[in-house]
Amino acid sequence: FSKGPPKVTYVPEALCEKESSIFAHYESGINFDKYDDILVDVSGSNPPKAIMGFEEAALCESLNRNVSKSGYKKPTPVQKHGIPIIAAGRDLMACAQTGSGKTAAFLLPILQQLMVDGVAASQFSEIQEPEVIIVAPTRELINQIYMEARKFAHGTCVRPVVVYGGISTGHTIREILKGCNVLCGTPGRLMDIIGRGKIGLSKLRYLVLDEADRMLDMGFEPAMRKLVGSPGMPAKEHRQTLMFSATYPEDIQKLAADFLKKDYLFLAVGVVGGACSDVEQVVVQVTKFSKRDQLLEVLKTTGSERTMVFVETKRQADFIATFLCQEKVNTTSIHGDREQREREQALGDFRSGRCPVLVATSVAARGLDIKDVQHIVNFDLPNNIDEYVHRIGRTGRCGNTGRQWRRRRRMGVMMHIYISFSFCFQVMFWFDLTFLLVLFCLKKIILHCLIFLEMCVVLDMGKPINVNHWLKSVCLR
Ligand SMILES: Nc1ncnc2c1ncn2[C@@H]1O[C@H](COP(=O)(O)OP(=O)(O)OP(=O)(O)O)[C@@H](O)[C@H]1O
């Protein structure tokens, strides 16, 4: 008989309780004030007025203290608008560029309301009934959101808990039973824990979908529908539903409306789905067979600066990481086939700088907030533009730019056009479908012009041009 998958026994290390560790943060960058120039659009009826400073958010003393210990002096645009909207009890779909503080935009007003209502964790209950559920697509991201919630709730009676796959279920349940007000989870493990009857949903007041477009795409949509249809889950009219992301394809925006009250507000900071303007994008033209060597060359230039290399498949991630290690580049890797212990170790080594190069699949594309990531290399291009926006958003965060990376470029006119539309440090290896598409369209246009020309010549001069021959000689190969 089949044994099934091996039982997961991994228990992560206990978190450090020192304030210096809880509030460790990096400084906002020189472009932080430029956030104020970004156009903000709030659609929907009667949006509340934006706040200009954290003092206008009327946060309680402990929250205010935690905000300043986190190094936050002034709210970002998504916080200026998002905090009062959530505080006013409105449902929200918010879109703001990567690294612009969306996490605090939903955590602060939620925690503030819990504090006002005197919510306190209790460990004397067999079934825990959280007031807040936050879902995110990956284990590392939900863990990061949990760390943020723990930081802002520090010194209060509100207790956040995190649940995600790859760690011992027994350990997770024991953590929940210590008291749980804010439950952060990835969809699979969350549904598993709810199914085990350890979580009651009757007190739920806030449902937050971070990376909402990913949570509602084909991969996760069934789980999200199952979650909102779970026994005891308050209907959308009786809970507040909040969605955040840097990208929202239009079909997902329509679908998302199913989960929100009719009078929800749509907050757009800048261009919906736009890439972070603090990220310069550089295109390097390479041939299929020189890609690896070019990567090595790039990494020699970047030296010990933190660099993420995105690849398409888990196998490719292992392959490239092994190759780089053989070439004496301190590299680690993260992808879905690695055990949770290894994934956490890899991220830890990258964060600490022990391994300045992290080879990753799309599992690390969204949400991760790592200090001093200077370069992103798209060794394989992603399948869609949204994923690209999230990948490059791992650098240029919170008003930080980075050091400019330049190299000799071998490229044609089209490449220059491509670059002139973009800004900051992103090394993109060429094998760009978009670019091929542009070439293809150009070729078609020229072909049709030539056919037209040929027809004119045939009609007028009786001497046709050999279009194919002409095309071949016009470098459109
Ligand atoms: N008002 C603020 N002042 C200073 N730093 C801030 C402020 N708001 C957020 N930050 C910091 O900015 C960084 C990015 O924030 P966060 O991870 O919430 O961005 P995000 O918009 O969710 O990004 P992504 O779209 O990639 O998930 C974090 O380190 C956070 O602590």
Side-chain angles (χ1 to χ4, degrees), residues 22-36 38 50-57 59 63-64 66-83 94-110 134-138 140-152 154 184 208-215 242-248 267-270 272-279 308 351 362-373 376 386-401:
I22 295 174
F23 292 99
H25 64 271
Y26 59 85
E27 296 302 318
S28 52
I30 48 164
N31 284 344
F32 189 85
D33 286 333
K34 282 198 192 157
Y35 280 146
D36 292 340
I38 301 178
I51 55 166
M52 287 300 127
F54 283 116
E55 60 292 345
E56 287 179 49
L59 300 176
L63 273 184
N64 258 329
N66 294 342
V67 166
S68 54
K69 277 185 192 164
S70 307
Y72 294 16
K73 294 183 182 77
K74 176 176 145 184
T76 62
V78 69
Q79 293 163 358
K80 285 179 181 171
H81 292 264
I83 291 175
C95 184
Q97 73 178 45
T98 50
S100 65
K102 293 187 284 294
T103 318
F106 61 77
L107 282 177
L108 291 175
I110 291 179
I134 304 172
V135 274
T138 64
E140 288 72 21
L141 176 56
I142 200 66
N143 203 24
Q144 183 181 294
I145 295 171
Y146 160 70
M147 299 293 275
E148 290 288 288
R150 174 175 171 261
K151 172 176 91 177
F152 289 126
H154 183 70
C184 311
V208 185
L209 273 57
D210 195 28
E211 308 297 345
D213 56 328
R214 177 77 184 94
M215 299 312 303
L242 311 169
M243 301 190 180
F244 283 79
S245 185
T247 52
Y248 277 103
L267 166 63
V269 181
V272 173
C276 174
S277 52
D278 294 326
V279 179
M308 288 175 87
R351 274 186 205 277
S362 55
V363 78
R366 283 178 179 254
L368 293 187
D369 184 53
I370 298 166
K371 189 182 171 198
D372 278 345
V373 175
I376 307 292
D386 291 338
E387 162 108 7
Y388 177 80
V389 167
H390 287 281
R391 280 185 183 184
I392 69 168
R394 296 317 100 216
T395 182
R397 297 176 72 74
C398 197
N400 284 290
T401 53

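Both ligands and their constituent atoms are indexed starting at 1 by order of listing.
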- Examine ligand 1 and decide if any of its atoms is less than 4.0 Å from a heavy atom belonging to Phe32. yes
- Item | Any N/O pair Gly99/ligand 1 closer than 3.5 Å | yes
- Query: Which pair of heavy atoms, one from Gly53 and one from Pro75, lies closest together, and at what distance?
  - Reply: CA-CD, 3.7 Å
- Message: Under 3.5 Å between any N/O of Ser100 and any N/O of ligand 1: does that happen in this structure?
- Response: yes
- What's the shortest distance from atom 19 (O) of ligand 1 to any protein heavy atom, and which residue and atom give it? Gly101 N, 3.2 Å
- Task: List the steps and the verdict of side-chain contact (heavy atoms from CB on, under 4.5 Å) for Gln79 and Leu108.
- Result: CA-CA 9 Å; Gln79 293 163 358; Leu108 291 175; 5.8 Å; no
- Message: So does Phe23 get a backbone contact from the side chain of Ser70, meaning a donor-acceptor N/O pair under 3.5 Å?
- Response: no
- Rounded to the nearest 0.5 Å, how far apart are CE of Met243 and NZ of Lys102? 15.5 Å
- Would you call the rings of Phe106 and Phe244 parallel, tilted or perpendicular if under 30° counts as parallel and over 60° as perpendicular? tilted
- Item | Interfacing atoms of ligand 1 (cut-off 4.0 Å, heavy-atom, Lys74) | 1 (N), 2 (C), 3 (N)
- Query: Is Thr98 close to ligand 1, meaning an N/O of one under 3.5 Å from an N/O of the other?
  - Reply: no
- Does any N or O in the side chain of Arg394 come within less than 3.5 Å of the main-chain N or O of Ala365, such that one atom is a donor and the other an acceptor? yes
- Quick one: look up the protein heavy atom nearest atom 8 (N) of ligand 1 and list residue, atom name and how far away it is. Gln79 NE2, 2.8 Å
- Message: Looking at Asp36 and Lys74, is any side-chain nitrogen of the basic one under 4.0 Å from a carboxylate oxygen of the acidic one?
- Response: yes
- Query: So is there a nitrogen or oxygen of Lys102 less than 3.5 Å from a nitrogen or oxygen in ligand 1?
  - Reply: yes
- Query: Distance-only, no hydrogens or angles: does the Glu148 side chain make a donor-acceptor pair with backbone N or O of Thr103 under 3.5 Å?
  - Reply: no
- Message: With a 4.0 Å cut-off on heavy atoms, is Arg397 in contact with ligand 1?
- Response: yes
- Item | From Thr247 atom OG1 to Asp213 atom CG, the distance as rounded to the nearest 0.5 Å | 3.5 Å
- Query: At the 4.0 Å heavy-atom cut-off, does Arg366 count as touching ligand 1?
  - Reply: no
- To the nearest 0.1 Å, how far is atom 18 (O) of ligand 1 from its closest protein heavy atom, and which atom is that? Thr103 OG1, 2.7 Å
- Would you mind running through ligand 1 and noting each atom that sits below 4.0 Å from a heavy atom of Arg394? 26 (O)
- Item | contact_flag Glu211 ligand 1 heavy-atom lt 4.0 Å | yes
- Task: Give a yes/no on ligand 1: does Gln97 have at least one heavy atom closer than 4.0 angstrom to it?
- Result: yes
- May I ask you to decide if Ser100's main-chain N or O and Thr76's side chain share a donor-acceptor pair within less than 3.5 Å? yes
- Message: Counting non-hydrogen protein atoms only, what is the nearest one to atom 6 (C) of ligand 1? Give residue, atom name and distance.
- Response: Tyr72 CE1, 3.4 Å
- Message: Rounded at 0.5 Å granularity, tell me how far CG in Asn66 sits from NE2 in His154.
- Response: 6.5 Å
- Query: So which protein heavy atom does atom 5 (N) of ligand 1 come closest to, and at what separation?
  - Reply: Cys398 SG, 3.4 Å
- Run the contact test for Lys371 against ligand 1 with a 4.0 Å cut-off on heavy atoms, strictly below, and give the result. no
- Message: Treating Glu211 as the side-chain partner and Arg366 as the backbone partner, does any N or O pair qualify as donor plus acceptor under 3.5 Å?
- Response: no
- Purely on distance, is any nitrogen or oxygen of Ala246 under 3.5 Å from one on ligand 1? no
- Item | Taking atom 28 (C) of ligand 1 as the reference point, the nearest protein heavy atom with its distance | Asp369 OD2, 3.0 Å
- Item | Atom indices of ligand 1, in the order listed, that fall short of 4.0 Å to a heavy atom of Tyr26 | 13 (C), 29 (O)
